[in-house]
Amino acid sequence: MSGVLVTGGASGIGATTCAHLARSGYHVVVVDRNADGAGAVADAVGGTAFVADVSDPAQAESSVAAAVAAVGDLTGLVTCAGIGNLKPLEDYTDSEVDLIWRVNVTGTFNYLRSAVGHLRAAQGRLGRPTAVVTVASVSGVRPTLGEGPYAAAKAAVIALTQSAALEWAPAVRVNCVSPGFVRTPLNEVLASDPGTRESLEGRTPMQRLGTPEDVAAVVEFMLSPDAGYLTGQNIVLDGGSTLLSAQMDPVLGPLLEMFRPPPPAPPGSPDPG
Ligand code: NAI
């Protein structure tokens with residue numbers, strides 16, 4: 001049986017990904033700092049849970065080793081643990097910026113580094129590439145207001161993914177999924193407000209928010225042998241919302257108007273200066 005370790009597997013996108021992968025026959029190892037949540041997901045999917053803070057290299061190393069002991073061949077890794085925040089750039093404190101970076105970027109790095117030896121070994125035994133999927137965000141590609149440190153961290157996750165893909169081919173494929181707005185506990189405060197939800201849906205060509213199932217399906221594809229030639233890619237899974245220009249965005253549009261130069265005066269009109 002193929003074994004896959006999912007960080008951030010106790011909640012939201014990670015928990016749904018665990019369920020999806022278990023239904024497809026993977027032995028799923030749920031890693032999260034939330035012990036109760038990780039245990040509940042592991043019980044529900046017939047998997048194994050380990051508690052770890054992804055930002056701590058020693059905990060990453062020991063949870064990967066424990067996962068390998070539980071599953072045998074580690075054929076997949078999904079780095080989904082992440083945190084964000086929303087406020088003006090200049091209001092972020094040093095410790096908030098540090099935490100966002102450590103969980104999203106260092107956390108991803110820790111698991112890539114700890115897992116690669118096991119993924120290479122499994123590739124050698126199975127005779128086909130093993131795979132990693134990192135979870136970044138549409139914010140890492142097109143940041144929106146208030147997400148500065150998170151957007152920077154997710155852009156770093158995309159770059160880290162591409163570096164690992166280059167270094168580890170052909171044994172290990174490494175790809176990234178960058179979701180748009182997906183309703184989960186991370187952003188429930190926004191999604192549960194009907195006005196905000198409608199405005200988010202209205203600016204998405206697919207006319208709805210993403211679901212954890214949408215993301216889990218793409219993660220499963222990226223892990224599968226069907227994606228055997230896919231590596232170093234970032235799939236933006238946003239219902240088409242990044243196709244909209246900033247001018248069409250109901251939030252950013254009015255702001256951009258403020259910077260538009262005034263139209264030229266018609267010929268013959270009095271000189272304003
Ligand atoms: P969530 O808050 O429901 O789940 C995140 C999980 O990560 C939680 O179980 C939490 O305990 C775990 N976690 C956080 N810090 C940790 C740490 N230091 N060590 C171990 N576990 C830790 O969030 P959601 O929405 O499911 O997000 C999952 C990933 O998807 C994150 O990386 C997030 O940035 C990304 N994402 C989410 C979007 C959304 O709209 N929900 C959009 C784009 C990206």
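Only a predicted model underlies this, so the values are computations on that prediction, with no experimental measurement involved. Remember, it's 1-based here, ligands and their atoms both numbered in the order they're listed. Count residues from 1 along the sequence.
A donor-acceptor pair shorter than 3.5 Å can be found between the side chains of S114 and E61. No hydrogens or angles considered: a donor-acceptor pair under 3.5 Å links the side chains of T161 and T134. A donor-acceptor contact under 3.5 angstrom links the side chains of S55 and D53, judged on distance only. Residues S95 and D98 have side chains that never bring a donor and an acceptor to within less than 3.5 angstrom of each other.
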For residues 220-231, which side-chain N or O atoms pair as donor and acceptor with protein atoms under 3.5 Å away, sequence neighbours left out?
residue : atom : partner : partner atom : Å
E220    : OE1  : H20     : NE2          : 3.2
E220    : OE1  : S24     : OG           : 3.4
E220    : OE2  : S24     : OG           : 2.4
S224    : OG   : F221    : O            : 2.8
S224    : OG   : D226    : N            : 3.3
T231    : OG1  : V174    : N            : 3.0

Using a 3.5 Å cut-off on N/O to N/O, what pairs does ligand 1 make with the protein? A line per pair would be great.
residue  : atom   : partner : partner atom : Å
ligand 1 : 3 (O)  : S11     : OG           : 2.6
ligand 1 : 9 (O)  : D32     : OD1          : 3.4
ligand 1 : 9 (O)  : D32     : OD2          : 2.6
ligand 1 : 11 (O) : D32     : OD1          : 2.6
ligand 1 : 18 (N) : D53     : OD1          : 2.9
ligand 1 : 19 (N) : V54     : N            : 3.0
ligand 1 : 21 (N) : R33     : N            : 3.3
ligand 1 : 25 (O) : T184    : OG1          : 2.4
ligand 1 : 26 (O) : I13     : N            : 2.8
ligand 1 : 32 (O) : C80     : O            : 2.9
ligand 1 : 32 (O) : K154    : NZ           : 3.0
ligand 1 : 34 (O) : Y150    : OH           : 2.6
ligand 1 : 34 (O) : K154    : NZ           : 3.2
ligand 1 : 40 (O) : G180    : O            : 3.4
ligand 1 : 40 (O) : V182    : N            : 2.7
ligand 1 : 40 (O) : V182    : O            : 3.1
ligand 1 : 40 (O) : N187    : ND2          : 2.8
ligand 1 : 41 (N) : V182    : O            : 2.9
ligand 1 : 41 (N) : T184    : OG1          : 3.3
ligand 1 : 41 (N) : N187    : ND2          : 3.2

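Rounded to the nearest 0.5 angstrom, W168 CH2 and L112 CG are separated by 4.5 Å.
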